Structures are given as structure tokens and as C-alpha cells.
Number of protein chains: 2
Amino acid sequence: MVTARVLDVLGAFTEAAPELGLTEIARRTGLPLTTTHRIVGELAAGGALDRGDDGRYRVGLRLWEIAVLAPASTMLRERAMPFLEDLHEVTRENVALAVLDGAEVVYLERLSARDAVSIVSRSGSRLPVHATGVGLVLLAHAPPDVVEQVLARPLRRFTPHTVCDPARVRAALGEARSSGFVISDRQIEDVSLSVAAPVRDRSGRVVAAMSVVVRADGTNPHTYVPAVRAAARGISRALGATT
Amino acid sequence: MVTARVLDVLGAFTEAAPELGLTEIARRTGLPLTTTHRIVGELAAGGALDRGDDGRYRVGLRLWEIAVLAPASTMLRERAMPFLEDLHEVTRENVALAVLDGAEVVYLERLSARDAVSIVSRSGSRLPVHATGVGLVLLAHAPPDVVEQVLARPLRRFTPHTVCDPARVRAALGEARSSGFVISDRQIEDVSLSVAAPVRDRSGRVVAAMSVVVRADGTNPHTYVPAVRAAARGISRALGATT
DNA sequence: GACCCGGCTTCCGTTCTGCGGAAGACTCGA
DNA sequence: TCGAGTCTTCCGCAGAACGGAAGCCGGGTC
């Protein structure tokens, strides 16, 4: 059970709490202080965690080095980067790439833009599928059981505009399938909307989605659709898709 | 000792071998097959590894999510990205960001360019400090004991141009300190050279280096120096440096 | 300066988890 | 069909991991 505890300890670190003291790690994992102390010390000895001058722990470079070998990073994120950068350059807006994981999307990359709307996601962030453009795209092309799993639970409302009615989400999924893109308007925050499109691999399966996230200020989001879809298709080709 | 073994198993994955079968993991770690099987299974259960349809293991998304919380990723790479992208855009060349780790540099980010020279490094890659522009910059500003540690061992030669003579490396370090940049010419491969500059944090310490990597085709590399230094200074300011 | 509190470190008797060799199942190529 | 290589399962044993208790340390307050 040490392996599970090691992963629990590593999992104690979050976007909101990327650096933690020993006591806090013990609290978050439910492990006794002594046990936590031992495991944390061993992880630090191995480079998976670093301890700062302030006594707090952070994820270490060694773990990062190993983790970037994940296919999501190498086969997906790296190959997508040139297209994300292209879209970033021509639109001057935030650009993101995400994959589906259960009922959430995980952001593999997010390129922010200086004058663009400030957004909550970053590399490694998770957000619920129903409330994001990339999430709706991924769900639209997920197996039916995944859709059912997502819609079986109450959907979280982030803004007055967040669509939480399963029937309306289903309708949005149908629309995504037929149109090939999603416009997700003020679902997470009142100030931003995103335009998302699917990324396919060589077998035609949708393995990721990418989006541009812009200020919800009245600008017609449809103007971004061609560029987003083109970039998504470019990534798909880089992944070996043939259409 | 399980923690160390867990890290050994994860460390079996490399840039050259990002996906491995059970037997190969056991071989690389020196662990008995049964032990490896158990640890790998536990890591897969926790999402740190994924097992493909082909029976081989890869680093899992969950580990990646945790690992991107490393300060190198959040405090350094993310803050550097806008400046890396700027330099990438204006030069149309490969751009990289790296940190020092022992006698090697670890690349935090590498933006490749379509028509640029193909280079060997990518995110997570390691290369020896003496043979890279970013490495010489980092070494130039490292504590003296680090310099001694690096120069105490034979330096690896990659091309006929690789500088392996400690005296010449010391001279290069001195030059880097006084000029504020490094031009590393055909040290790793015969076809490329890099121009690198230091990135400082709020205390003035050099915590990273960035570079542009271009084709060694006679173009005067000095033309890139102002832009690289400007981008490095921009990153430094983003990290709180005051000069 | 004394005291308190919270965080962290060390000790050590106990226990239960991890160990790994052996045997067998499975897959693939010849 | 057979052999080789890979992977899976079993299980008795031992030592690695456990975690409560005691103590150390540093910072803040009076």
C-alpha cells in the first residue's frame, strides 16, 4: 500500500496549493504525520519533491521530466504546438488544447495573450465538460456511455448562463456533431466565450479539442470558427488523420 | 524501499523509450518480474501509468497533471511563454528555455519552427551544459563548486567543434559573464548554433537561460543577440527581477 | 525573557505488507 | 505444432513500514 500512499502524497498538491508543508500534506492525505514524513522524505530524496528553504514541499523537476513523457504531452501537445501558436498569432487571443478525462477536460496547453481576456485555465487545469467549449466538443464525440455518465449527475452552474439542463446539453452535443464546432458562451465566467473544434487522430477518433477563448463583448464569435477549425484540422493531420 | 522502487519504475521511461513492456521495465530497474508487475499495476491503478491495448505502459495523464505543478513549469515555463513566443514569432527560429540540474541542462520548453533547423532537444530533454548555449550561460552564473564539478570530469565530444578543453570552457564562461550572452556554435550537431542569454529571478539570481537555435549556415549569429537578450530580460521581469 | 502553539523530527516495539521464486497461462512467429 | 518470450498468479516468510509518543525548534505574544 505504499505505492498508493505515494500517489496520495503527490496528489495532495493542486493548482490551488502547489506548495505544502508536512502537516498540510498529512491533513490532505489522511496519513499519520510520521508516515507522511517518511514518504515525503523518500520522494524528496528521489527528486520527485523538492523542499524549499521555507520547509515547504513542491513538485520536483525529476517528476516533471518523467511526466512530460506522457503521450498527452509528446504525441499530442508537442505536435499541436505549431498550430496553437499559429492561431494564437493570427487571433491575438487565448488558445487552449484539452483532452477528456471522465466528466472533465484536462488542459494540455493554454497560450495566453497579453490583451486578451484573463481566463482560469492553465496547463494541467481541469474543468467540467458541460461548461467548456472543448468539453462539449469532446463529449459530442465520446461513446454514449460517457455522455450518460456525465448527464446522470447534476451539472454545476458557474454563471447565470451555464447550461445545466441535460436536454439542452444533448441538443448542444447534436449541434456540435453536425456543425463541427462549439461556441461556449459565458459558461465558466461572465466575461469570456470560447470557440472549439475537434482534433482527430489517424483512426479518425476525436482525441482532443482545441479552442480560442475571447472576451464576451459582443464581437461575433462566428468570425473565429474558420480559423479554429483550420488549426484543429492542422493538428489532426499532424497526428496522422487523413481527412 | 517501495517509494524508491516506485521512482525507479517511473524513471525507467525515457525520451528514447516512452513506452515499455513489463519485462523491459524489470530489466531497466533491476527488479524481479513479480515485484515490477505489482508496482506497475499499482501505478496503473492510480493513473500514474497507462497500459495500452498492446500491453505496454506509458506515463499517465494523472502523473502529468501533478507534475506540471512543479515551479519549473508554473513559475518559470508559464511566465516565460509569452516572451518565448514573441522571440519565436520575430525570428522564425527554434526557441528554448532550460534550467541547470547538476552537470546538465533540462529543457522546460522548446518551440520549434517550420522552416528552422531540426534540433534534438524537446521539453524534458537533458543535454550536457558545456555543449549548449543555455548550459554555458547557466554554468557561467553557477556557484564555483558547480563549475568545478562539471569540469572535473571528461567533457563529451559531439562534433569536431565541441569544446572539451576545460580551459577553453572557462574562457567561454568568462566571456559569457562579461558579454551577457553565449553563442554556441555546432557543439551538439554540425548544422546548428544557438544564441543564449540568462534569465534572472527577483533576487537577481540566474534561474534559467533561453536561446534561439538556428542553422549554422553562415548567417551572422550576432544579429540574434539583441532580440534574445531582450526576451530574456522580459522573462526576468515577469519573474520579478528589477533591473 | 518566558511561555505557548504549531510544525517537524526521532525513536522503537509491533505487525502486516511486500517480497520474489516457482509454476503456469498466453501470444506470436517459425 | 512447438518454442521462446512475456506476463500472471500463488503463497510462506521476513523485514520494511507502521504510527503513537516524546521531544525539538521557531515564531509570535505578553
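Predicted model only: the values in this text are computed from it and were never measured. Naming convention: chains lettered A, B, ... in sequence-line order (proteins, then strands); numbering from 1 in each chain.
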- Message: Checking A:Glu78 against B:Ser123 for the side chain to side chain donor-acceptor pair (under 3.5 Å) test, could you report, in this order, the C-alpha distance in whole Å, the side-chain angles of both residues, the deciding distance, and whether it holds?
- Response: CA-CA 9 Å; A:Glu78 279 185 21; B:Ser123 289; 4.8 Å; no

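- At most 12 heavy atoms of other shown residues, nucleotides or ligands fall within 6.0 angstrom of atom CZ in A:Arg202.
- Separating the NE2 atom of B:His37 from the P atom of C:dG21 is a distance of 16 Å, rounded to the nearest angstrom.
- Remark: B:Pro32, B:Thr34 in residues 20-34 of chain B come within less than 4.0 Å of DNA chain C through at least one heavy atom.
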Could you run down the sub-3.5 Å N/O contacts of the protein with nucleotides 26-30 of chain C?
none

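- Atom CD1 of B:Ile39 is separated from atom C1' of D:dC7 by 16 Å (rounded to the nearest Å).
- The distance from atom CZ of A:Arg126 to atom CD of A:Glu15, rounded to the nearest 0.5 Å, is 11.0 Å.
- A heavy-atom distance below 4.5 Å is not found between the side chains of B:Leu63 and B:Leu49.
- Taking the side chain as every heavy atom from C-beta outward, A:Leu31 and A:Val9 approach each other to under 4.5 Å.
- Note on A:Arg77 versus B:Glu109: salt bridge recorded, some NZ/NE/NH1/NH2 to OD/OE distance being below 4.0 Å.
- Rounding to the nearest 0.5 Å gives a distance of 14.0 Å between CG of B:Leu111 and CZ of B:Arg122.
- OP1 and OP2 of D:dA16 both lie 4.0 Å or more from every side-chain N or O belonging to A:Arg5.
- A heavy atom lying under 4.0 Å from DNA chain D marks none of the residues of residues 46-60 of chain A.
- Heavy atoms only, all atoms of each residue included: B:Leu127 and B:Ser121 are closest at CD1-CB, 4.4 Å.
- Counting heavy atoms from C-beta on, the side chains of B:Leu100 and B:Val146 come closer than 4.5 Å.
- Across every non-hydrogen atom of B:Glu42 and A:Thr3, the tightest pair is OE1-OG1, 2.7 Å.
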